[in-house]
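Take a look at the structure below.
Side chains included, hydrogens not; waters and symmetry mates left out as well; all remaining heavy atoms used.
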Amino acid sequence: MKKRLVVIGNGMAGARMVEEILKRDCGAYEIVMFGAEPYGNYNRILLSNVLNQTQAPDAIFLNTLDWYVENNITLHTGVKVTHIDRNEKKVYGLKLAEGDVPYTTGISDASGADFISVSYDEVIIATGARPFVPRIRGSDFPGVFLFRTIDDCDLIADYAKNCRKASVIGGGLLGLEAARGLMTHDLEVSVIEAADQLMPSQLDTEAAKILERAMGAMGLRVLTKTLISQIVQKNGKVARMVFRDGGVLETDLVVISAGIVPITEVAQKSGLKVNRGILCDDRMRTSDPDIYAVGECVEHRGVTYGLVDPIWQQVNVLADILTGVNPDAVYLGSKTGTKLKVMGVDLTSMGEKETEETDDEILVYRDPNRGVYKKLIVRDDKIHGAILLGDTELSDPLMRLFMNEKPLPENRGEILFGAVDGTRLFDAADLPDTAQICNCNGICKGDILTAIEEKKCSSVAAIGTETKAGQGCGSCRGSIAQIISSVVGEVGYDAGEHYYVPGVPLEKSQLVREIRSQGLKSVSGVLEKLGEGKEDPTTKTGLASLLKTLWPKVYEDERDARFINDRVHANIQKDGTFSVVPRIVAGVTTPEELLRIAEAAVKYKAKMVKFTGGQRIDLLGIKKEDLPDIWKDIGLPSGHAYTKAFRTVKSCVGTDFCRFGLGDAISLAKQVELRFQGVEAPHKVKMAVTGCPRNCAEAYVKDVGVVAIEGGRWEIYIGGAAGSTIRKGDLLCTVESHEEVLKYTGRFLEYYRQHAKYLERTYGFVERMGIDLLKGILIEDSLGICAGLEEKMQEAVDAYKDPWQEAEDPVYPFQFEGPQLIEVLQEAENNG
Amino acid sequence: MNKIIRINLGPVEGIPMGQGHCFRIEGEDIAVFRGRDGSISAIENTCPHLKGPLAEGIIGDGKVVCPLHGHRFDLKTGKGSETPECVRTFEASLENGTIFIAYTPESAENVHC
Ligand code: SRM
Ligand SMILES: Cc1cc2nc3c(=O)[nH]c(=O)nc-3n(C[C@H](O)[C@H](O)[C@H](O)COP(=O)(O)OP(=O)(O)OC[C@H]3O[C@@H](n4cnc5c(N)ncnc54)[C@H](O)[C@@H]3O)c2cc1C
Ligand code: SF4
Ligand code: FES
């Protein structure tokens with residue numbers, strides 16, 4: 001008969017434990033699991049995304065209930081184990097009532113309830129940890145929450161609907177993620193930290209200051225060195241917090257995120273040795289040889305962990321031992337590094353944040369203008385600690401050098417800035433099989449190789465389905481692609497991934513990084529170096545747009561990567577003819593221009609002449625071969641009614657003629673349009689400038705809308721829409737002058753160009769980023785990138801060339817030709 | 001069997017790299033594509049959906065995407081992404097830098113998809 005293994009706790013450690021055992025030997029045990037939460041297993045790390053509403057709760061499940069059935073695992077969901085009878089060799093559990101919090105110390109009413117008992121041969125305890133609740137009066141009032149489970153996220157989101165202000169107690173990693181998440185629920189959020197800085201365990205004071213500024217710029221209020229004396233309620237709900245120094249903070253909702261405590265009651269009641277956590281030896285064995293423990297509930301060599309990485313290592317060791325794959329495996333402790341998962345803030349920290357040793361090398365790089373801070377502590381030629389803030393491009397290779405204790409290159413500059421000649425600090429293909437590639441899910445290179453070789457996985461997504469690699473924060477996907485291509489030469493294609501374009505297995509930031517570091521300037525070049533081996537059509541247009549943004553002047557324009565409209569600078573119609581929309585700046589034209597347009601319409605037999613919704617004139621039904629001539633005859637530049645680019649600026653008459661005009665809308669609109677015309681973007685960008693809040697030019701519903709207000713000032717709205725989606729733009733800022741309008745508009749457009757997904761309009765982008773974050777970045781320059789944004793925008797503006805000039809000089813043969821007539825007679829029948 | 005006519009379409013440079021070009025042969029429009037991998041393919045130009053000009057489409061992965069509504073057609077077999085749509089295909093070859101296609105007049109039943 002098979003031995004029976006009982007696993008207590010169905011969280012990240014428990015479920016992974018079972019998976020690893022099954023992977024090694026699926027017949028080793030009969031498995032019974034207890035989980036206090038009423039679900040299968042989900043990725044707790046991603047709760048931050050659930051709270052900030054970028055992921056749906058059901059998107060973070062790792063093992064659904066079906067998985068347990070398919071693998072013959074008996075899972076008792078919603079059942080909390082109370083104790084283990086070690087004489088009888090039985091585990092006892094009680095069903096929780098609906099609404100019971102799985103991680104509280106007690107069970108609501110154990111008396112009279114029926115125990116579920118299961119006898120065992122071996123037990124693994126994986127009960128995890130619970131949030132630490134500091135002794136604060138009022139911490140049990142309605143409106144005070146903890147942040148540990150999917151249900152917590154639900155409760156918080158639900159309660160937030162009726163709140164305006166929220167506060168988070170604790171300025172650590174989780175506290176900041178919680179705070180950022182709360183902001184997406186339209187709340188004014190404050191973070192209260194007792195220490196004199198944010199993230200005291202991971203950051204030195206200098207980095208913490210920069211971080212505090214970045215968080216502040218997002219609209220988050222940060223109170224450090226602040227001790228809470230009590231939480232006060234009013235009408236049965238949280239109303240405010242009182243501080244030790246007498247200060248008061250109004251708040252409708254509180255989330256406590258002040259650290260974690262290992263859950264050890266089961267072990268304690270069962271007579272196992274417990275200190276801060278359940279004591280385990282290097283084989284993950286507790287003081288009872290038949291009972292093991294893994295995860296956050298464990299104390300190993302005096303250390304408890306609060307990250308998944310060490311847990312995966314513990315789980316692997318124990319799985320090796322239990323299945324006999326490597327009975328001598330030992331766990332010797334882990335090195336840890338963390339990454340802050342807050343949108344708009346790049347922060348990675350590993351190892352020690354400070355050193356007293358005089359023999360240690362300390363390298364620091366500061367670029368306060370860009371909000372960049374990098375610090376590296378080197379001991380014995382290896383990374384002893386590192387902080388990367390504002391620029392985490394190298395966090396992945398550095399983390400690997402750190403975890404694997406690899407000696408560093410002699411030129412230390414390479415470690416902070418990447419190898420100067422562009423070669424990679426670390427190529428995943430050169431790593432040993434035991435190297436961990438996916439740090440979120442603890443997947444080693446060997447696992448990926450097995451998936452490639454045995455399961456024939458040839459795409460990053462397929463590897464993810466098979467091994468879970470790349471399914472956490474996603475930062476290792478580039479490495480996975482490298483490994484695949486080193487084995488099979490070609491990386492497979494998988495639609496429906498969150499890549500910038502389907503044919504290149506990278507998210508936008510990673511793709512941009514690779515394109516820059518490898519100096520790729522053409523679509524075919526990117527496809528060759530980074531693509532999945534196929535020349536996927538939808539990929540080509542997205543790449544063309546991105547490359548033009550990245551290299552405005554030196555981009556190698558391959559026209560086959562462009563949609564027909566962008567090859568011939570006109571909109572294709574249903575009958576294969578084209579439409580011609582000349583630029584009519586700010587909607588203002590002259591009789592002479594109108595005459596030329598009218599004559600051209602007659603001469604080239606326009607099928608219709610129409611005023612567009614964008615305040616200009618459309619000549620429809622023009623033949624492709626007539627395009628160059630009609631453009632020359634009209635003598636106006638292209639209106640870009642076709643490209644994913646900056647298009648029009650609508651305007652009203654403003655102070656020129658209107659009796660209500662508060663600002664000179666026409667002249668500002670002209671300035672804006674002439675500056676940004678034709679600049680490539682992830683999607684089209686339309687603007688309006690309107691002379692007063694009556695808003696005749698519809699500025700509130702434009703990608704960028706400028707509204708004149710009393711006092712000679714202008715309001716700039718971003719992310720408005722009135723197409724398939726209707727959205728009023730968010731107020732970015734109010735300024736005094738035309739120059740400032742150009743400046744902030746330029747910053748926003750450049751930031752949008754750099755960070756939006758392909759085909760994401762500003763209404764989606766602004767909504768996704770949040771206006772507070774954008775204000776911080778673009779107005780207060782929280783990340784110190786504004787000078788860079790302005791410079792890049794200037795480059796794009798300088799590189800602009802009216803595409804209709806190609807009328808004089810086509811860029812390829814037959815660019816403006818219709819079908820080419822072929823005479824058949826003389827060539828016929830020589831190959832009948 | 002209908003007769004096959006071998007037709008010289010001129011130098012390969014006439015078609016820009018990675019693009020298509022439309023040739024009108026005996027009143028029929030044929031789209032010829034020059035792939036970046038060096039391949040030459042020829043299919044009927046007119047999209048069976050709503051007559052979109054396929055020569056103006058973007059190619060890649062052995063397929064062309066119609067510029068009007070995005071239906072895709074395999075350049076070798078003519079098979080469309082929306083069954084039962086398909087287009088005629090012609091054998092095309094490159095000899096010393098010159099494109100030749102084996103043309104069969106429209107009446108011929110060589111649609112094989
Ligand atoms: C010509 C024009 C209609 C008109 O006669 O007024 C027009 C014509 C088209 N619009 Fe538009 N839109 C026109 C003004 C608008 C406006 C009003 C405006 O610009 O102030 C809007 C609402 C604002 C906006 O952009 O959201 C508008 C929202 C759309 C949308 C919905 C976009 C969205 O995400 O909500 C599409 C579809 C798309 O982009 O995917 C679209 C797509 C199209 C396309 C390009 C459809 C296509 O892919 O072929 C149409 C091209 C027709 C052609 O062959 O020329 N058109 N379209 C207008 C040209 C304006 C110009 O001078 O550049
Ligand atoms: C919001 C958030 C973000 C995080 N982000 C990161 C990150 O970016 N990187 C990182 O490395 N780590 C992160 N972590 C930490 C990571 O989630 C934990 O380290 C990990 O979940 C610990 O796994 P575990 O199995 O030990 O505990 P858990 O995942 O908590 O699983 C324990 C399970 O056991 C159940 N249980 C407890 N007692 C009993 C009992 N008596 N009977 C039955 N079941 C019981 C619990 O209900 C729970 O479901 C984050 C955590 C949170 C909450
Ligand atoms: S609303 Fe725009 S996209 Fe729709 S038919 Fe009219 S012009 Fe075309
Ligand atoms: S005409 Fe080709 S897809 Fe509609």
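When all heavy atoms of A/K553 and A/A799 are compared, the closest pair comes out as CG-CB, 3.9 Å. B/P48 and B/C86 make their closest contact through CG-O, 3.7 Å (heavy atoms, listed as atom of the first residue, atom of the second, distance).
Residue contact with chain A, scored on non-hydrogen atoms closer than 4.5 Å, involves the backbone and the side chain of B/I58 alike. Looking at A/Q815, neither its backbone nor its side chain comes within 4.5 Å of chain B, counting heavy atoms on both sides. Interface remark: A/F563 contributes backbone and side-chain atoms alike to the contact with chain B (heavy atom separation under 4.5 Å). Only the side chain of B/P53 comes within contact range of chain A, with heavy atoms under 4.5 Å apart.
A/H683 and A/E760 are not linked by any side-chain donor-acceptor pair at a separation below 3.5 angstrom, with hydrogens and angles left out of the test. Side chains of B/H49 and B/E82: a donor-acceptor N/O pair is absent below 3.5 angstrom, by distance only. A donor and an acceptor atom, one from each side chain of B/E26 and B/Y103, are nowhere located under 3.5 Å apart.
A perpendicular orientation is assigned to the rings of B/H21 and B/F23, their planes being inclined by more than 60° (bins at 30° and 60°).
Contact count versus chain A (heavy atoms, under 4.5 Å) is highest, among B/D29, B/I15, B/V65, for B/D29.
Screening A/K548, A/K521, A/R562 for a salt bridge (charged side-chain N to carboxylate O under 4.0 Å, His left out) with A/D557, the sole residue that qualifies is A/R562. Shown are A/D618, A/T643, A/T577, A/N565; of these, the side chain to side chain donor-acceptor pair (under 3.5 Å) with A/N571 is made only by A/N565.
Below 4.5 Å, heavy atoms of chain A meet heavy atoms from B/R36, all part of residues 32-43 of chain B.
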